[in-house]
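Below is one structure; the comments refer to it alone.
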Amino acid sequence: FGIATGPDGDFEFGFRTGTTFDEAAPQIVEGNDDRSFEVRTGRIEPSCEAPDGGIRVGLSVTRASDDGPAGSATCTPGCEQKTACDLGSDLCKVTIPKGSVRIGDAWTVEFTSDFQMLATEVTVAQYERRPAQSDDDRKPKVYVNWTDARDWCAALGSGWRLPSEVEWEYAARAGTETEWFFGDDESQLNEYAWYGEGFSSTGQHPVAQKKTSLWGLYDIYGNVWERTLDGYADDDAWAAAWQRFAGVDIIRDPLAHVDDSVNSLRVVRGGAFINSAGGTRSANRSRVDPRIEDWDVGFRCVRSSLPQ
């Protein structure tokens with residue numbers, strides 16, 4: 001959602017986070033007063049952490065209707081006059097829109113409500129609840145076990161928690177069914193992810209240095225693995241667990257598959273800086289002992305009305 005100030009007043013419009021507009025392919029959109037506008041350039045960025053939400057954008061908007069002269073306008077953010085969200089220091093969040101995603105070969109999962117996800121992996125500064133003062137402060141917080149990550153998310157307030165495995169994949173896919181949200185071309189991955197560095201790597205990278213996903217998430221692929229609520233089952237057992245939905249066309253608002261044993265393996269997603277490209281795919285899944293604290297495993301939080 002945004003407000004653009006034009007030569008004859010303001011108008012409102014809305015686009016999905018991550019939308020990019022090209023000068024060569026302008027889009028015509030409807031304003032809030034039945035006037036149309038031509039959007040030529042710009043990219044919708046993640047929400048600011050502000051009471052009324054909002055977005056930070058820089059669009060060039062040209063009047064395209066016939067009832068007045070054309071003119072340029074600059075979009076102003078919904079959180080105008082508030083400090084822009086400082087990625088890596090503030091807890092910046094994006095809204096993940098409701099919708100559906102294909103899981104495996106047989107199931108479609110639908111989320112009937114929007115939920116929110118942190119725009120970045122939780123950083124050192126965020127974890128310690130202080131402003132970031134260096135690149136090291138803006139790196140993902142690692143060496144945190146599953147229980148501590150779960151409790152840290154819960155401490156953010158009502159509805160905050162680790163994502164379920166399906167929530168994570170839904171957010172990463174951003175409505176796509178390709179290997180990555182940008183398609184199947186591995187050569188593009190470097191624009192979005194830190195990966196392929198092997199064990200000779202110097203470690204994590206500051207968050208938000210690469211391009212965002214289609215829904216405004218930074219480092220959803222690579223940098224560090226991200227913890228989820230789910231207990232891990234191998235592919236055969238995982239498929240068997242989903243068989244309880246046999247004959248169901250759409251699975252709505254699924255809960256995490258959580259093992260009652262605190263020491264059961266837990267699912268991690270997204271790959272890390274040491275992994276190959278294949279390890280970062282939207283569908284790729286791995287597991288970590290919840291007690292383990294390692295240099296390539298971090299987390300990000302979601303806020304959802306779904307109980308887990």
Side-chain angles (χ1 to χ4, degrees), residues 88 91 93 96 103 109 115-129 138-172 193-195 199 201 203-205 207 217-235 237-238 241-242 254-275 279-308:
L91 290 173
K93 61 183 184 292
I96 305 301
I103 297 292
V109 170
F115 60 93
Q116 292 182 313
M117 178 176 265
L118 293 185
T120 69
E121 294 151 339
V122 174
T123 66
V124 171
Q126 291 167 354
Y127 190 81
E128 297 177 359
R129 302 184 185 281
R138 296 178 184 275
K139 291 179 179 179
K141 176 63 178 176
V142 293
Y143 295 109
V144 177
N145 63 45
W146 182 89
T147 300
D148 287 345
R150 178 201 62 187
D151 292 349
W152 192 91
C153 290
L156 294 178
S158 177
W160 284 101
R161 54 174 171 77
L162 288 173
S164 70
E165 182 177 14
V166 177
E167 285 172 330
W168 188 96
E169 183 167 334
Y170 176 75
W194 299 104
Y195 75 101
F199 287 97
S201 171
Q204 317 82 28
H205 298 270
V207 300
L217 299 171
Y218 291 91
D219 303 298
I220 196 68
Y221 303 138
N223 211 355
V224 295
W225 289 98
E226 298 183 15
R227 295 185 183 275
T228 72
L229 287 173
D230 293 63
Y232 179 82
D234 62 26
D235 289 344
W238 185 83
W242 283 87
L255 304 181
H257 298 301
V258 180
D259 193 306
D260 290 335
S261 170
V262 70
N263 293 327
S264 66
L265 298 177
R266 299 284 175 164
V267 175
V268 291
R269 288 297 206 114
F273 54 86
I274 63 175
N275 296 108
T280 69
R281 294 176 300 110
S282 295
N284 188 59
R285 50 201 304 271
S286 192
R287 70 279 190 196
V288 174
D289 187 312
R291 299 166 296 183
I292 293 296
E293 302 174 0
D294 212 340
W295 73 324
D296 62 343
V297 181
F299 68 102
R300 80 173 77 208
C301 311
V302 298
R303 181 165 63 183
S304 170
S305 59
L306 288 180
Q308 295 287 356

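We're numbering straight along the sequence, starting at 1. The analysis underlying the following values was restricted to heavy atoms, covering all of them including side chains, and did not include hydrogens, waters or symmetry mates.
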Taking N284 for the side chain and G279 for the main chain, is one N or O donor matched with an acceptor at less than 3.5 Å? yes
For I96 and A171, work out which heavy atoms get closest and say how close. CD1-CB, 4.1 Å
Between atom CH2 of W194 and atom CD1 of I274, what is the distance when rounded to the nearest 0.5 Å? 16.0 Å
Spacing of C153 atom SG and L162 atom CG [to the nearest 0.5 Å]: 4.5 Å
Check for a donor-acceptor pair, side chain of R266 on one end and backbone N or O of Y232 on the other, with a separation under 3.5 Å. no
If I take atom OH from residue Y195 and atom CZ from residue F273, how far apart are they, to the nearest 0.5 angstrom? 15.5 Å
How close do R287 and V268 get, counting heavy atoms only, and between which atoms? N-CG2, 3.9 Å
Would you find a donor on one side and an acceptor on the other, under 3.5 Å apart, between the side chain of D230 and the backbone of E165? yes
My understanding is that only one of V124, L118, T120 makes a side-chain contact (heavy atoms from CB on, under 4.5 Å) with V122; could you say which? L118
Does any part of the side chain of M117, heavy atoms only, come nearer than 4.5 Å to the side chain of V302, both counted from C-beta? yes
Step by step, would you call S282 with Y221 a side-chain hydrogen bond (donor to acceptor under 3.5 Å, both in side chains)? CA-CA 8 Å; S282 295; Y221 303 138; 2.6 Å; yes
Go through it in stages, so that I can follow the logic: the residues are D289 and L265, the test is side chain to side chain contact (heavy atoms under 4.5 Å, CB included), and I'd like the CA-CA distance, side-chain angles, deciding distance and then a yes or no. CA-CA 5 Å; D289 187 312; L265 298 177; 4.1 Å; yes
For a 4.5 angstrom cut-off between non-hydrogen side-chain atoms, does V207 reach P140? yes
Could you check whether the rings of F299 and Y127 sit parallel, tilted or perpendicular, using 30° and 60° as the cut-offs? perpendicular
Within the structure provided, determine whether R161 and R150 are in side-chain contact (heavy-atom separation under 4.5 Å). no
For a quick test of reading the model, state the closest non-hydrogen atom pair linking W225 to A272 and the distance between them. CD1-CB, 3.6 Å
With sequence neighbours excluded, tell me which residues meet side-chain hydrogen bond (donor to acceptor under 3.5 Å, both in side chains) with E226. W168, R300
Note, P163 side chain near Y170 side chain (heavy atom, < 4.5 Å): no
Just how far is it from atom NE2 of H205 to atom CG of D219, taken to the nearest 0.5 Å? 9.5 Å
Rounded to the nearest 0.5 Å, how far apart are OG of S305 and CD of Q116? 11.0 Å
Measure across V224 and E121 and return the closest heavy-atom pair with its distance rounded to 0.1 Å. O-OE2, 3.1 Å
dist T123:OG1 -> L91:CG (nearest 0.5 Å) comes out at 8.0 Å
Grab the two heavy atoms, one from R303 and one from S158, that are nearest each other, plus how far apart they are. CD-O, 3.5 Å
Answer yes or no: is there a donor N or O on one side and an acceptor on the other, between the side chain of W146 and the main chain of T228, under 3.5 Å? yes
Where do N145 and P290 come nearest, in terms of heavy atoms and distance? CB-O, 3.2 Å
